[in-house]
There are 2 protein chains.
Amino acid sequence: MAQSNGRRTSRRDIYLKLRQMVLTLELAPGAALSENELAASLGVSRTPVRESLIMLAQEGLVQVFPKIGSFVSRVDPAQVADAQFLREAVELAALEDLPAQLDPAVVEELRDNLERQRRADLGLEEFFALDEVFHQGLMRLSGHGNVWTTVAGAKGHLDRARRLGLHGHVSPAVFATQHHEIFEAVVGGDVPLARTAMRAHLRAVFHDIERIRAHSPELFAADASAVPVRRNIVVWE
Amino acid sequence: MAQSNGRRTSRRDIYLKLRQMVLTLELAPGAALSENELAASLGVSRTPVRESLIMLAQEGLVQVFPKIGSFVSRVDPAQVADAQFLREAVELAALEDLPAQLDPAVVEELRDNLERQRRADLGLEEFFALDEVFHQGLMRLSGHGNVWTTVAGAKGHLDRARRLGLHGHVSPAVFATQHHEIFEAVVGGDVPLARTAMRAHLRAVFHDIERIRAHSPELFAADASAVPVRRNIVVWE
DNA sequence: CGACAGATGCTTGTATACAAGTACTGCACG
DNA sequence: CGTGCAGTACTTGTATACAAGCATCTGTCG
């Protein structure tokens, strides 16, 4: 889904950097993004910055209003729900496609991943990175690793909502345990149990979001097509 | 997923036009796309053309090789299979989310759509348009209409493969009948039957593709990252 | 004091110029 | 006749200049 080849262009670097900043909430939902400011701060011209913003807009992470401004999109509850439905459908379907003999290399990789999730000093972003790799690894077991790319591209709003939910509150340990349960069911060949555990895990993540929405409604979109006001933007907290 | 607002920009027009041409095979897989040529023929500068190509590249419909050229991506069998898995997972899951009371407006719309699919003088592109609306309508019945946007964005390679398969060979009538079966099961509240019919329908579409791949292998990608050669490009047939 | 109007400064959209690099073409030479 | 090399014509990437439009601020007038 991403850019085809590995040629180093500043656009690619900027795109990845901005995307990361949006997903990790370093750029807060609703924040104004000026092409000129970004270009100046990154030491490049408007062109690669602008093209990066176009790509992010296509993913729904940024909104561009012609002649008005560009903004980090607020977390849209509808898109969060859509992404939840999508990932649940895909990940549950993948579990039913598991082969009789699992790829031992991937299994080992997953085991290693789970090990690291249990480390006590695990940071939040480190956990999210491991979480991402874990779920993609499960998809690879059934030969649908590349489908994860599409799912990952569609769940930007969901990811940001999760980060909002976890900031300072919930420990990742609960999710690590759920990951372990799913993994054990998979290697044990118990598909129904794996599905049950996966569904419970994904829904636990999802339900957590409503709580944070009540806590910080300004980060969520009331009307997705509304134009944010530039002056009242709060960059962080 | 698409551009946020409805402001008329030439970029948006060009993007939609090029996208349509790629999906309908008017621009053949493997064809070279020169930013300069496109800009000249469209009567605009490189900028909006280039930005459109970037968007299409992000969707996987176009490949851009820096300093080399831009090409309509060949149909990638792996991406076709991925899209098949994705849509099957999503559409089957949506059937299980159907409410007890279906939205009568959508039901009527679907009935109307099916009616038009039965017209004898139906053109190929007209059928595809109706097919698209039909499947999206089914998703709307379960409240997941917007998820279809993501699915539609991911199934570009699948759609092109289907068009290759249908060009001149199979009649859409078979698919129309299958659509009818699915619809009847849905309005009858028989979810298991609807799932069975849907699965059969989607797999029938999928299996048709292998046939055409044997027939026109040059339109399919052997190695997705390989650079097409510019001189041997056959624009159509 | 309030309201309206114009100017100003910002925004993104588009066009154009230049930079860097690839691939083919044609000629010279063995 | 084949091979190698240099030149040329093309490609996309980036920088910059200009165009068009919105929003806000400020000054003026009622």
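To find a chain, count down the sequence lines: A is the first, B the second, and so on, and within it residues start at 1. None of these values were measured; they are calculated from a predicted model.
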Q: From the set C:dT16, C:dT12, C:dA23, return the single nucleotide nearest to any side-chain atom of B:T47.
A: C:dT16
Q: Nearest 0.5 Å please: distance from the CG atom of B:L53 over to the CZ atom of B:R11.
A: 12.5 Å
Q: Nearest of D:dG13, C:dA15, C:dG13 to any side-chain atom of B:V44?
A: C:dA15
Q: Can you check the B:F65 CZ to D:dG13 C1' distance for me, whole Å?
A: 16 Å
Q: Find the distance between CG (B:L18) and CG (B:L42) and round it off to the nearest 0.5 Å.
A: 6.5 Å
Q: A:S45 has a side chain; which of D:dT14, D:dT12, D:dC22 sits nearest to it?
A: D:dT14
Q: What's the closest nucleotide to the B:P48 side chain, out of C:dA15, D:dA15, D:dT12?
A: C:dA15
Q: Just how far, in rounded Å, is C1' of D:dA19 from CZ of A:R46?
A: 11 Å
Q: When the distance from CG of B:L33 to P of D:dC10 is rounded to whole Å, what number comes out?
A: 17 Å
Q: Which of these nucleotides, C:dT12, D:dT14, D:dT12, is closest to any side-chain atom of A:E51?
A: D:dT14
Q: Starting from P on D:dT14, measure out to CD1 on A:I54 and report it in whole angstrom.
A: 13 Å
Q: Rounding to an integer number of Å, can you tell me how far B:Y15 OH sits from C:dG13 P?
A: 16 Å
Q: I need the single residue from A:R163, A:R162, A:K155 that forms a salt bridge (Lys or Arg N to Asp or Glu O under 4.0 Å) with A:D159. Which is it?
A: A:K155
Q: For A:E109 and A:N113, test the side chains for any donor-to-acceptor distance below 3.5 angstrom and give the result as yes or no.
A: no
